[in-house]
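Computation of the quantities below employed the complete heavy-atom set of this structure, encompassing side-chain atoms and omitting hydrogens, waters and symmetry-equivalent molecules.
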Amino acid sequence: MTSDGYLADCRARLAFDLLANTWNSVVLWALRDGPSRHVELRGRVGGISSKVLTETLRRLEFNGLVERCVHAGTAARVTYGLTPLGRTLLGPIDAFGAWAFEHGDEVMAAQERHGG
């Protein structure tokens, strides 16, 4: 595929859109070690409101990246976990995080130079 075809491909745009939302990647990464309850996930992520976490989980579930599992019992328990498709994004998220760790200072310095 040519670079122009890549830019015009709606599947590529979909992928960029999924990773453009900060919380999508953070929540996916937080679920990498296995299913988690909402309250546990919120504590692990930090800095996210309950409402935004719920919206993020719904969006990720809608896109087939997270599954919601209701466990029967006297008090129904809900957990969220990565689907096999969601797990495939861990590599790209890790690579992007490594890039940010390596080059984040350079980006912040450029922002400061431009008055940001």
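- Considering only heavy atoms from C-beta on, Val70 stays 4.5 Å or farther from Arg77 through its side chain.
- Heavy-atom minimum distance, Ser50 versus His38: OG-CE1, 3.2 Å.
- Residues Arg59 and Asn24 come closest through the heavy atom pair NE-OD1, 3.0 Å.
- Side chain of Glu102 to main chain of Trp99: no donor-acceptor pair is present (N/O by atom type, distance under 3.5 Å, no hydrogens or angles).
- Screening Leu28, Leu57, Leu60, Val45 against Trp23 for a side chain to side chain contact (heavy atoms under 4.5 Å, CB included) leaves a single residue, Val45.
- Put simply, the side chain of Trp29 reaches to within 4.5 Å of the side chain of Asp94, judged on heavy atoms.
- Minimum heavy-atom separation, Leu19 to Ser25: CD2-OG, 3.2 Å.
- With values rounded to the nearest 0.5 angstrom, Leu89 atom CG is found 13.0 Å from Phe96 atom CZ.
- Of all non-hydrogen atoms in Leu82 and Arg32, the two that sit nearest each other are CD1-CA, 3.9 Å.
- Thr88 places a side-chain N or O within donor-acceptor distance of the main-chain N or O of Leu85, the cut-off being under 3.5 Å.
- With contacts defined as side-chain heavy-atom distances shorter than 4.5 Å, the pair Leu31/Ser36 qualifies.
- Atoms CZ and CG, from Arg58 and Leu53 in turn, are 10.5 Å apart once rounded to the nearest 0.5 Å.
- For the residue pair Thr83 and Gly64, the shortest heavy atom distance occurs at OG1-O, 2.6 Å.
- In this structure, CD on Glu55 lies 4.5 Å from NZ on Lys51, to the nearest 0.5 angstrom.
- To the nearest 0.5 Å, atom OG1 of residue Thr79 and atom CD of residue Glu67 are 8.0 Å apart.
- Listed for the Arg44 side chain is a donor-acceptor partner under 3.5 Å among the backbone atoms of Ala30.
- Rounded to the nearest 0.5 angstrom, Arg87 CZ and Leu90 CG are separated by 5.5 Å.
- Within the model, atoms NE2 of His71 and CZ of Arg37 stand 9.0 Å from one another, a figure rounded to the nearest 0.5 Å.
- Annotation: side chain of Ile48 is not in contact with side chain of Leu41 (no heavy-atom distance under 4.5 Å).
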